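Worth saying up front: this structure is predicted, and the values here are computed from it rather than measured. Numbered from 1 within each chain, the chains take letters A, B, ... in sequence-line order.
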4 protein chains.
Amino acid sequence: MPKVGMEPVRREQLIKATIESVAELGLQGTTINSISKKAGLSSGIISHYFGGKQGLIEATVRYLLSSLKYSLMAQVTDTTSPQQRLMYIVEANFALVQQRNDTTRTWLSFWAQSMHDPELHRLQNVNSKRLYSNLASSFRQLMSVEHAKLAAQLSAAMIDGLWLRAVLSQSDKDQFKHSEQLAKQYVRSLISQYGA
Amino acid sequence: MPKVGMEPVRREQLIKATIESVAELGLQGTTINSISKKAGLSSGIISHYFGGKQGLIEATVRYLLSSLKYSLMAQVTDTTSPQQRLMYIVEANFALVQQRNDTTRTWLSFWAQSMHDPELHRLQNVNSKRLYSNLASSFRQLMSVEHAKLAAQLSAAMIDGLWLRAVLSQSDKDQFKHSEQLAKQYVRSLISQYGA
Amino acid sequence: MPKVGMEPVRREQLIKATIESVAELGLQGTTINSISKKAGLSSGIISHYFGGKQGLIEATVRYLLSSLKYSLMAQVTDTTSPQQRLMYIVEANFALVQQRNDTTRTWLSFWAQSMHDPELHRLQNVNSKRLYSNLASSFRQLMSVEHAKLAAQLSAAMIDGLWLRAVLSQSDKDQFKHSEQLAKQYVRSLISQYGA
Amino acid sequence: MPKVGMEPVRREQLIKATIESVAELGLQGTTINSISKKAGLSSGIISHYFGGKQGLIEATVRYLLSSLKYSLMAQVTDTTSPQQRLMYIVEANFALVQQRNDTTRTWLSFWAQSMHDPELHRLQNVNSKRLYSNLASSFRQLMSVEHAKLAAQLSAAMIDGLWLRAVLSQSDKDQFKHSEQLAKQYVRSLISQYGA
DNA sequence: TATGAATGAGTCTTCATTCAT
DNA sequence: AATGAATGAAGACTCATTCAT
């Protein structure tokens, strides 16, 4: 019997390598070879575990999305206050960046590609909606439905906008940290503006 | 019988075709053929006028940036009030979208690619800085330097964030219009918050 | 303007090279490279003119089928007697072999593949039916409908069988010529057996 | 706990799976995986028992040839009349088809490939010669040497031709049965034509 | 005895570039 | 000024083979 239980190991290995490769070379510049070389594996293994390049790309996006999701869930409990919860949401959206700078660049590449790829678009949509509804439900506990919706929309845009500008200007971690602070401050200002 | 003065005509023809092709197929899916077919010209002409695909891509980005620039300059005069000027800046950033829906998708594709392409990154940077300094200099006439810097940063992020979310959710013109309104409103709130 | 009118030249060049390659290496062993090398052209040209390997394969089969068809039509006129016509049919089916030994081997490769390829199967069917109906209509002028049908079926099988055994035993031209004589003799014996 | 005596079981399992796979997918479409999956075994076992794909292919052809051989030998005894023996030969050549429709398609695939594979060609040749000499020796008991040779050649061609046309037109069992009848009738007519 | 993970050479296809006209 | 035929490097994918277990 050959080594067993390698599947999860290999899958993670390849997904990590994909994130690195896309961060470094872009989605366009990322090839089956650039990935497999980074993973220290052969090119054939990608088809073996993911059915092809497209499958690996999609698995990578799903991986990033769950990372974001669990990153938030890890902090929030039943007793978390709405204000605290909102802060955690902001943090989670900037957090991945802080552990791995790769992630952000990769993320934006996928976003851009999502305009031309139905499956990526679906996944991107799920993520975008989740950010919005996480924000909206927390705001709701502090203000009227209408105001909560508005606050969610505005803070989602502010988070994405700050994040986007930080990515594109190739910011370092401190600048990301600064952007995170601005986002939190903006959320607080929305609470004091619309809060009961 | 060589036609003279065809150069500017051909260049514009090809740039327009590039915008359309990138909007429709993505930067990845855009080929020398998809462009030349849309332009109703042969593929060889791209090398002839732009030296190659890369040259055409860069020319297209420059074209989009000047469009944005002139779109703003057309409205602003010496007597425009700072408040009005700020509104024009917001409008200009949402304006291209309203004339041609293509443009937005194309723009985001270029942005993502700019992370991996020095020349595109340089151009993207110029644009990002210009938005910031346009905003900052207008805010400056209404508030302290420090506040103006902050307001410029925040409103730039808000504009980009609203715009990004609108693009990615494949919004229609009405939704873009709505985003534009939110951006303007936010700029106004920054003025009343920090304004003397 | 580039060289014009190259298309028919290139197409024929590539089809000829395909016949040679399949004869030499088999359908399995024939690659885009083995063909383009034989044709003295680049591999990309195949996609350019035939859309891909499959397109070239099908064009080659169609070419062989028309060769067979025109080979027969060239000899038959309105005044050809039924007997003579039958001899021409037999000859045509052995003729291609005599001009180009390649053809036979290629043909059998395509036949075998036709079991697993709908388009090839369709083409092979057209050919098989044409041989049968050519034979049947000529026999019909010499005997009853029922006898003509039987004679057509039997002589078609005899032609194919002799031809197949000659191909598989890697016969030379003399042996093919001998097989052709046996086929003709068999057709004559059918005429004298069932003829009025 | 190694099971002993598995070898013949596995070999037959794999040969049967090969016949099925080639019938279904063609020789070209048959892979080590398509075979091992059909056999319910792993891909590695093919190398283990046959040294590789080629070895399994050849073993399969040999299996088919012995089937044909034993199919004939089972019926013929010392007291079988030449006429009856000839009928058995025809029957044997159509018989495999009737038990397993797969076989015919597989057979033709191997035949075509035999033009480009020395070992398959050798095997095919043995088979072709055996059909001929079986026929010739039986005919010899009923006619002169020369006539017997001719009759053997013609009836071998007729058998193969009828069989080939039946395979390629994807005939059902009834049509195969009909072809068998025609072949027998032809053999009888040769006997009455040349028989003393 | 049997597995199936892993490899990497080989195939088809795409596409930016070149260049004769 | 403009064409598009032709190239060939580079990409994704397939698959027979190997081998540790």
Would you name the heavy atoms of C:Val61 and C:Leu123 that are closest together and state the gap between them? CG1-CD1, 3.8 Å

Between the CD atom in A:Glu58 and the CZ atom in A:Phe110, the distance rounded to the nearest 0.5 Å is 10.0 Å

Both B:Gly29 and C:Thr30 contact DNA chain E. Taking the nearest nucleotide for each, which residue is further toward the 5' end? C:Thr30

Can you tell whether the side chains of C:Arg105 and C:Glu24 come within less than 4.0 Å, N to carboxylate O? no

Would you mind reading off the distance between D:Asn33 atom CG and F:dC13 atom P, rounded to a whole angstrom? 17 Å

Any A:Arg10 side-chain nitrogen or oxygen under 4.0 Å from OP1 or OP2 of E:dA5: no

By nearest-heavy-atom nucleotide on DNA chain E, the more 5' of B:Ile32 and C:Thr31 is C:Thr31

Give the stems involving DNA chain E, where a stem is 3 or more consecutive Watson-Crick or G-U wobble pairs (i with j, i+1 with j-1, and so on) under 3.5 Å. E:2-21 with F:2-21

A:Ser36 side chain to A:Ser42 side chain, donor-acceptor N/O pair below 3.5 angstrom: no

Euclidean distance, atom NZ of residue C:Lys37 to atom C1' of E:dG10 [Å, nearest integer]: 13 Å

List in numerical order all residues of residues 38-50 of chain A for which some heavy atom is under 4.0 Å away from an atom belonging to DNA chain E. A:Leu41, A:Ser42, A:Gly44, A:Ile45, A:His48, A:Tyr49

Would you call D:Glu12 and D:Lys16 a salt bridge, taking side-chain N to carboxylate O under 4.0 Å as the test? yes

So, B:Arg10 and B:Glu7, do they make that salt bridge, N to O below 4.0 Å? no

